[in-house]
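Report on one structure; see the data block that follows.
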There are 2 protein chains.
Amino acid sequence: MNDQTLIPLHTLKVSCSNCSLRELCLPVGLNREELAQLDAVIRQSRRLKRGEFLFRSGENFKSLYAIRTGFFKTCVSSQDGREQVTGFLMSGELMGLDGISSSVHGCDAIALEDSEVCELPFSRMESLGRDIPSLQHHFFRLMSREIVRDQNVMLLLGNMKAEERLAAFLLNLSQRLSSRGFAANDFVLRMSREEIGSFLGLKLETVSRTLSKFQQQGWITVDHKHIQLVLPEQLKELISGCVHANGQ
Amino acid sequence: MNDQTLIPLHTLKVSCSNCSLRELCLPVGLNREELAQLDAVIRQSRRLKRGEFLFRSGENFKSLYAIRTGFFKTCVSSQDGREQVTGFLMSGELMGLDGISSSVHGCDAIALEDSEVCELPFSRMESLGRDIPSLQHHFFRLMSREIVRDQNVMLLLGNMKAEERLAAFLLNLSQRLSSRGFAANDFVLRMSREEIGSFLGLKLETVSRTLSKFQQQGWITVDHKHIQLVLPEQLKELISGCVHANGQ
DNA sequence: CGAGCGGTTGAACAAGATCAAGGTCCGTGG
DNA sequence: CCACGGACCTTGATCTTGTTCAACCGCTCG
């Protein structure tokens, strides 16, 4: 809050050069000069409150968004109101890739906590990619990684049973949090049981029951949204065989 | 066959310039000169017999493959043998995009009938993209389209019930076939009931039963792999509400 | 303080999986 | 040519998992 009195937030120019996510986000592998070029393209960051939409399905697509801080869900929803959460995204991850194909966003992106994102105008990213091959290459890799991630979700939804889905979900969260420097085995869920269920193709009651079951077995502790993985090996054991290496 | 006596097949250089899939495949929107450049990159086509692997999960990734003729499935499979079909691909469609992220193929691609593919060495595609912005742009769009497609499959696997999945599957096939000039309502399935089931997250018995049910209702006729859509509107009715516009 | 959202838990129910039997088509070899 | 074996499919009966419906709890926010 104090910041606001010193430097008006809306003029705060972000910079990849000194962003702590440098090694995780788009700039991977760029040198100083290339980083500066990338910085020039990135529009100032945007802040969102919990519950706010970053973009909606059907809106014109112009930019990708990289998460600086916070937590998002993306979801596609059908006319009759059914909603499928297609992903939970945290810092350093990119949103909006599905909009490139038709110049229209194909899903909603909603902040699950107060968040801050960097806006990357896509057309400028495209031309910058032509000048910086390593950026172009990394960009292709990011899109491809999203495809791989989606394939793994398909495997989960198509083949795994409730306990396996939940175990895979918890371990995936844990792994991504720890690669960002947070505790791997002690974290707070940012989403509701219903949102977890939507992502995993389960009803919220099943999510709740399965978490309780894990707790009864002493594998985890559940205190509302606060989760501790007590015996993560047991969770891994559960999904050994149905998963290879989990990207992202 | 006569061709073979005149020009040995293995030296047959393919060419986008006079390929009938020009408007469907990678060259969309290129001019004559750009087409020629793309032709120069495309290695001669490769023929596969039914059942043959085009690539396997874990193999080094070097090229993308565009289908000239034939039909493929892609699948990820887990250590314990569970297999998830992630897609069925027909002429003009691109395979291997998931390999870019790690330089290793993430899934198997298997020909479901005798097929022919064009090999596109990825690194040359990348550099060509820098020279031909419209190619680069189209390439991004293709990758993005794959992400959109995957999201729709997630919606299907996460939210829809057996009948809806089958209906969506049949209509999707129908639509893609018709956009290639084949009959929309009369076609031959290239895959087994088990493969359909794997793709849709159902067991083969459920697929069989559901097809029978559609037939009893007079919506389709089933004669082994020969399917006719008698009342496609009824199938659309069934999924109205759970699907928007179906890409690809 | 009360309303309401989010979560937990129980009981009944249903969709789809599993188990099992039998059928058809097709390629191979006698 | 026919017989045989195997892959693929269909259909029925039973069982299991997860859904649905419902009641209740506890926290948060007007």
Side-chain angles (χ1 to χ4, degrees), chain A residues 49-51 73 81-85 110 112-113 156-170 188-217 220-228 238-239 242, chain B residues 49-51 71 73 80-85 110 112-114 156-170 188-217 220-227 238-239 242:
Chain A
K49 289 231 165 291
R50 179 167 169 228
K73 69 169 175 180
R82 283 191 256 188
E83 159 176 313
Q84 172 75 27
V85 173
I110 301 165
L112 294 183
E113 61 178 26
L156 180 141
L157 291 173
N159 270 313
M160 291 164 63
K161 41 183 43 102
E163 292 190 8
E164 296 171 328
R165 295 184 196 191
L166 233 325
F169 170 73
L170 292 174
V188 176
L189 297 176
R190 255 65 224 215
M191 71 297 279
S192 69
R193 304 289 191 262
E194 185 167 19
E195 288 163 331
I196 297 173
S198 169
F199 180 59
L200 297 178
L202 302 170
K203 295 294 160 188
L204 69 99
E205 294 95 330
T206 307
V207 173
S208 179
R209 270 187 249 276
T210 308
L211 286 176
S212 299
K213 198 182 296 177
F214 285 169
Q215 178 160 237
Q216 274 163 33
Q217 293 178 284
I220 69 176
T221 68
V222 183
D223 175 22
H224 302 274
K225 305 210 155 175
H226 178 197
I227 303 280
Q228 286 178 289
L238 194 59
I239 60 166
C242 35
Chain B
K49 289 228 164 295
R50 178 166 170 231
F71 202 86
K73 68 169 176 179
D80 61 351
R82 283 191 257 189
E83 159 177 312
Q84 171 77 26
V85 172
I110 301 165
L112 294 183
E113 61 179 25
D114 294 358
L156 180 142
L157 292 173
N159 270 311
M160 290 165 62
K161 41 182 49 92
E163 294 190 8
E164 297 170 328
R165 294 183 198 192
L166 232 327
F169 171 73
L170 292 174
V188 177
L189 298 175
R190 256 63 223 216
M191 70 296 278
S192 70
R193 303 289 191 265
E194 185 167 18
E195 287 163 330
I196 297 174
S198 168
F199 180 59
L200 298 178
L202 302 170
K203 292 296 159 187
L204 69 100
E205 293 94 331
T206 306
V207 173
S208 180
R209 271 186 249 275
T210 308
L211 286 176
S212 300
K213 198 182 295 177
F214 285 169
Q215 177 161 238
Q216 275 162 34
Q217 294 179 284
I220 69 175
T221 67
V222 183
D223 175 22
H224 302 273
K225 305 210 156 173
H226 178 196
I227 303 280
L238 194 58
I239 61 168
C242 35

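At a threshold of 4.0 angstrom between heavy atoms, the contacts of B:Gly201 are confined to the sugar-phosphate backbone, with no base atom among them. Within 4.0 Å (heavy atoms only), B:Ser192 reaches sugar-phosphate atoms of the nucleic acid but no base atom. Backbone-only engagement by A:Leu202 is indicated by non-hydrogen atom pairs under 4.0 Å involving sugar-phosphate atoms exclusively. Among the heavy atoms of the strands lying under 4.0 Å from B:Lys225 are primed sugar atoms or P, OP1, OP2 only; no base atom is included.
Atom CE of A:Met191 and atom C1' of C:dG7 are 16 Å apart (whole Å). Per the geometry, CD belonging to B:Glu205 stands 16 Å off P belonging to D:dT16, to the nearest Å. Spacing between atom CE of B:Met160 and atom P of C:dA15 amounts to 16 Å, rounded to whole angstrom units. One interatomic measurement links the two molecules: CD of A:Gln215 to P of C:dG7, which rounds to 15 Å at whole-angstrom precision.
Listed pair B:Lys203 / C:dT18 meets the phosphate criterion, a side-chain N or O lying under 4.0 Å from OP1 or OP2.
For A:Arg209 against D:dT20, a side-chain N or O and a base N or O form a donor-acceptor pair under 3.5 Å.
You'll find the side chain of A:Ser192 reaches within 4.5 Å of the side chain of A:Lys225, heavy atoms only.
Listed nucleotides D:dG18, C:dT24, C:dT8 differ in distance to A:Thr206; the shortest reach to its side chain belongs to D:dG18.
Residues passing the side-chain hydrogen bond (donor to acceptor under 3.5 Å, both in side chains) test with B:Glu163, sequence neighbours excluded: B:Lys213.
A donor-acceptor pair under 3.5 Å is absent between the side-chain atoms of A:Arg190 and the main chain of A:Leu112, judged by distance alone. For A:Arg165 (side chain) and A:Met160 (main-chain N/O), a donor-acceptor pair under 3.5 Å exists by modelled atom type.
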